[in-house]
Amino acid sequence: MKHLTRNLINFAIYFSVGTIVFRYGLSHSLDSRLFLQVYVIAVVYFFYNFGIGWYFGKKDYELLPLYDIGFRFHLATFLLYNSITEAWNYFGFLSQFESAKTNRYIAFFWGIFLLFHFLLYLYSRKNTIKGINKSEIFE
């Protein structure tokens, strides 16, 4: 399957590990009432994900120049983060200050944005041939 590349798999592995560390740090900080630390963990998590997304996304584009506007990485991020968060809830690791309901609201609204991204992806495919932008083919 050409859409499931080595770079996407590596991104998924790094993202999963980072998300587990984030969930642990978030729940532990909330339970310990270290609310400033929660913000620090969230900012570090953001930059970590931005970095691995940039790195593996760029390598993926160089390897296989698909014109997918990052949709595959967005979908992987959505599925992994929400799966890990649901597992975190299922195994009872949520902090007393966290709510499974809030996490599901986040997943719901994120899913709406993912749907818009999917529609944008479908629209952008109209301007490509076999996943490569037409302007790059006919220069």
Side-chain angles (χ1 to χ4, degrees):
M1 175 185 261
K2 70 179 180 181
H3 297 293
L4 188 62
T5 63
R6 182 173 194 79
N7 291 311
L8 182 59
I9 292 169
N10 286 336
F11 169 78
I13 292 168
Y14 279 86
F15 181 81
S16 296
V17 170
T19 299
I20 291 169
V21 170
F22 169 72
R23 294 295 320 167
Y24 175 78
L26 179 70
S27 295
H28 178 72
S29 297
L30 286 171
D31 277 339
S32 301
R33 297 178 187 264
L34 300 171
F35 299 115
L36 180 60
Q37 187 172 332
V38 170
Y39 292 110
V40 171
I41 290 170
V43 168
V44 168
Y45 181 63
F46 169 80
F47 283 111
Y48 170 78
N49 288 328
F50 183 82
I52 63 171
W54 184 282
Y55 178 76
F56 288 114
K58 185 175 180 181
K59 283 183 70 169
D60 198 55
Y61 179 77
E62 291 169 355
L63 174 72
L64 184 66
L66 291 175
Y67 194 69
D68 73 346
I69 60 173
F71 178 72
R72 293 175 304 126
F73 283 80
H74 189 182
L75 179 63
T77 302
F78 175 80
L79 294 174
L80 289 170
Y81 179 83
N82 289 304
S83 298
I84 291 169
T85 298
E86 283 299 316
W88 204 259
N89 177 39
Y90 178 77
F91 291 115
F93 295 146
L94 287 180
S95 163
Q96 64 180 346
F97 297 104
E98 292 179 278
S99 165
K101 185 177 179 180
T102 302
N103 290 329
R104 290 186 183 120
Y105 277 130
I106 291 169
F108 174 74
F109 288 111
W110 188 357
I112 291 171
F113 287 113
L114 183 65
L115 177 62
F116 285 130
H117 194 172
F118 179 67
L119 295 174
L120 184 63
Y121 164 70
L122 290 178
Y123 177 76
S124 71
R125 283 181 44 183
K126 289 173 42 177
N127 296 323
T128 64
I129 298 173
K130 291 190 177 184
I132 301 173
N133 193 342
K134 288 179 185 177
S135 65
E136 294 175 10
I137 295 172
F138 301 113
E139 291 185 292

In short, salt bridge (charged side-chain N to carboxylate O under 4.0 Å, His left out) pairs touching residues 87-100 with sequence neighbours left out are Arg23-Glu98
Across all chains, not counting sequence neighbours, the ring-ring contact (aromatic ring centres under 6.0 Å, His included) partners of Phe78 are Trp110
Is Ile20 reachable from Phe22 through a run of I, L, V, M, F, W or Y residues, each pair having side-chain heavy atoms under 4.5 Å apart? no
Contacts of Phe113 that satisfy side-chain contact (heavy atoms from CB on, under 4.5 Å) - sequence neighbours left out: none
Are Leu30 and Leu94 connected in a single hydrophobic cluster, I mean Ile/Leu/Val/Met/Phe/Trp/Tyr linked by side-chain heavy atoms less than 4.5 Å apart? no
Tyr24: ring-ring contact (aromatic ring centres under 6.0 Å, His included) partners, not counting sequence neighbours: His28
NZ of Lys101 to CD1 of Ile106: how many Å apart, nearest 0.5 Å? 13.0 Å
How long is the span from the CG atom in Leu114 to the CG atom in Leu120, to the nearest 0.5 Å? 11.5 Å
Do Phe97 and Arg33 have side chains that approach each other closer than 4.5 Å (heavy atoms only, starting at C-beta)? yes
All heavy atoms of Asn82 vs all of Ala107, minimum pair found to be OD1-CB, 3.3 Å
So, using ring-ring contact (aromatic ring centres under 6.0 Å, His included) as the criterion, who are the partners of Tyr90 when residues are at least two apart? none
Once you round to the nearest 0.5 Å, how far does CG of Asn7 lie from OH of Tyr55? 8.0 Å
Are Leu36 and Leu26 co-members of a hydrophobic cluster defined by side-chain heavy atoms under 4.5 Å apart? no
Parallel, tilted or perpendicular: ring planes of Phe71 versus Phe118, cut at 30 and 60 degrees: tilted
Name each donor-acceptor pair under 3.5 Å that joins a side chain in residues 39-53 to protein atoms two or more places apart or in another chain, with its distance.
residue : atom : partner : partner atom : Å
Tyr45   : OH   : Thr19   : OG1          : 2.8
Tyr48   : OH   : Tyr14   : O            : 2.8
Asn49   : ND2  : Tyr45   : O            : 3.3

Pairs in or reaching into residues 110-122: which pass salt bridge (charged side-chain N to carboxylate O under 4.0 Å, His left out), with residues at least two apart or in two chains? none
My understanding is that only residues two or more places apart in sequence, or in another chain, count here; which of them pass side-chain contact (heavy atoms from CB on, under 4.5 Å) with Ile112? Phe108, Phe109, Phe116
Taking a hydrophobic cluster as the set of Ile, Leu, Val, Met, Phe, Trp and Tyr residues connected by side-chain heavy atoms closer than 4.5 Å, whether directly or through intermediates, do Leu4 and Leu79 fall within one such cluster? yes
Distance check, rounded to the nearest 0.5 Å: Arg72 atom CZ versus Thr77 atom OG1? 11.5 Å
Pairing residues for Arg104 by the salt bridge (charged side-chain N to carboxylate O under 4.0 Å, His left out) criterion, not counting sequence neighbours: Glu86
Distance, nearest 0.5 Å, that separates CZ of Phe56 from CZ of Phe11: 9.0 Å
Which residues share a side-chain contact (heavy atoms from CB on, under 4.5 Å) with Ser83, sequence neighbours left out: none
State, without any angle test, whether Thr85 and Asn103 hold a side-chain donor-acceptor pair at a distance under 3.5 Å. no
For Asp31, check side-chain hydrogen bond (donor to acceptor under 3.5 Å, both in side chains) against everything at least two apart and list the hits. Ser95
By ring-ring contact (aromatic ring centres under 6.0 Å, His included) - contacts of Phe93 (at least two apart): Trp88
Gap separating the CG atom of Leu8 from the CD1 atom of Ile13, nearest 0.5 angstrom: 10.0 Å
